[in-house]
2 protein chains.
Amino acid sequence: MNSFNPDALKLENQLCFPLYAASKEVVRKYRPYLDALDLTYTQYIAMMVLWEEKSINVKALGARLFLDSGTLTPMLKSMEAKGLITRTRSKADERVVVATITQKGEELKKAAKAVPLKMAGCISLNSEEALQLYTLLYKILE
Amino acid sequence: MNSFNPDALKLENQLCFPLYAASKEVVRKYRPYLDALDLTYTQYIAMMVLWEEKSINVKALGARLFLDSGTLTPMLKSMEAKGLITRTRSKADERVVVATITQKGEELKKAAKAVPLKMAGCISLNSEEALQLYTLLYKILE
DNA sequence: TATATTTAAATTGTGCACAATTTAATTTTA
DNA sequence: TAAAATTAAATTGTGCACAATTTAAATATA
């Protein structure tokens, strides 16, 4: 085949573009709620992992969040500076840095509990559509 | 109601997170194809608008791409430096800056034509799922 | 028609994101 | 077990992304 769809390069025919735009819009809508917690969006998803795991090394956190050390190292340092986590080298393997949630980090969870419900109200999908979207997105990620 | 779902703050229960992660992964997959065209992803979606419209002002472009002048001004300057567009002040309204595609910008379309098909091969959705995802994402954007 | 308001870009400043490289520790293997 | 290869974080450098402010032009209104 040697001809191409002439509309293939139209913005409205891209799947990537609404994905890119919707992602940014949703993160933007989080901002006022997260500002109140003094968290950025990236810090918020890192805190979700830490509220669940209590302790995790940089590589494993990166695998969960699809982020590398270039993004995580400065972010974790800033979270440490705010007292939300501690960063310690693993005794068993000095290459590994472990982030551990602090009491202050645990306590932030109380204030964060209201965020998901507030956000749900900002997204114009019903629960069936949300589940459908969730499933399709994870299909891309796997 | 005064109790909350205890799992509401788990990463795996968020819709925002796969949206955020999938968007980044898809943009990352574009990189090798766009590097070959000397375009960033943001420049690529701007070029899609310009291939279609030939000429557009910054505000209208921002409305199409969900981007503001803080992002567009430096990006359009860099596209101008590469010879893909010209930037001119509107005669009718000196506040308005119009980006217009050049011959070189038009010619880049030939090389770009293969990109959408290559990208489609990178996304693990069939055409029905892709349409479903497209529809859900635009529901969020409206 | 002066003055106030609104509007469009540009500028400034902060924080991601990520590729590429570096550093240091650990593991392999010759 | 010494050298090579691998691995985990950190570092470096570039380019978004966006809030907030500034500048300059156009429009509204007193």
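Chain letters run A, B, ... following the sequence lines, proteins first, then strands; residues in each count from 1.
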- Between A/Asp93 and A/Pro74, the residue closer to the 5' end of DNA chain D by nearest nucleotide is A/Asp93

- Residue mapping more 5' on DNA chain D - nearest nucleotide basis, B/Lys91 or B/Gly70: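 Whichever sits nearer the 5' end wins; that is B/Gly70.
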
Distance in angstrom units between [X] [atom1] and [N] [atom2], rounded:
X: A/Asp68; N: C/dT22; atom1: CG; atom2: P; answer: 17 Å
X: B/Asp38; N: D/dG15; atom1: CG; atom2: C1'; answer: 13 Å
X: B/Arg89; N: D/dA25; atom1: CZ; atom2: C1'; answer: 9 Å

- Going by modelled atom types, is there a donor-acceptor pair between the base of C/dA10 and the side chain of B/Ser69 at under 3.5 Å?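 Side chain to base: pair present.
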
Short side-chain N/O contact to [N] OP1/OP2 from [X], under 4.0 Å:
X: B/Gln43; N: D/dG15; value: no
X: A/Thr40; N: C/dC16; value: yes
X: B/Thr42; N: D/dA17; value: yes
X: B/Arg87; N: C/dA10; value: yes
X: B/Lys77; N: C/dT11; value: yes
X: B/Lys24; N: C/dC18; value: yes
X: B/Tyr20; N: C/dA17; value: yes
X: A/Thr73; N: D/dA10; value: yes

- Query: Does the side chain of A/Ser78 pick up a donor-acceptor pair with the side chain of A/Gln43 at under 3.5 Å?
  - Reply: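 Indeed, the side chains of A/Ser78 and A/Gln43 share at least one donor-acceptor pair under 3.5 Å.
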
- Would you check if there is a donor-acceptor pair between the side chains of B/Glu107 and B/Gln103 at a distance under 3.5 Å?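 A pair is found: one side chain offers a donor N or O, the other an acceptor, under 3.5 Å apart.
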
- Message: Over 60° means perpendicular and under 30° means parallel, so tell me whether B/Phe17 and A/Phe66 are parallel, tilted or perpendicular.
- Response: tilted

- Message: Angle between ring planes, B/Tyr41 versus A/Tyr20, binned at 30° and 60°: parallel, tilted or perpendicular?
- Response: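 B/Tyr41 vs A/Tyr20 ring planes: perpendicular.
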
Nucleotide nearest [X] (side chain, heavy atoms from C-beta), chosen from [options]:
X: B/Val96; options: C/dA8, C/dC18, D/dA9; answer: C/dA8
X: B/Thr71; options: D/dC18, C/dC18, D/dA10; answer: D/dC18
X: A/Arg95; options: D/dA9, D/dT6, C/dA10; answer: D/dT6
X: B/Glu94; options: C/dC18, D/dA25, C/dA10; answer: D/dA25

- Taking every heavy atom of A/Leu11 against every heavy atom of B/Leu65, the minimum-distance pair comes out as CD2-CD2, 3.8 Å

- Task: Select base, sugar-phosphate, or nothing to describe what B/Leu67 touches, counting heavy atoms under 4.0 Å on all strands.
- Result: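 The residue B/Leu67 makes sugar-phosphate contact but no base contact.
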
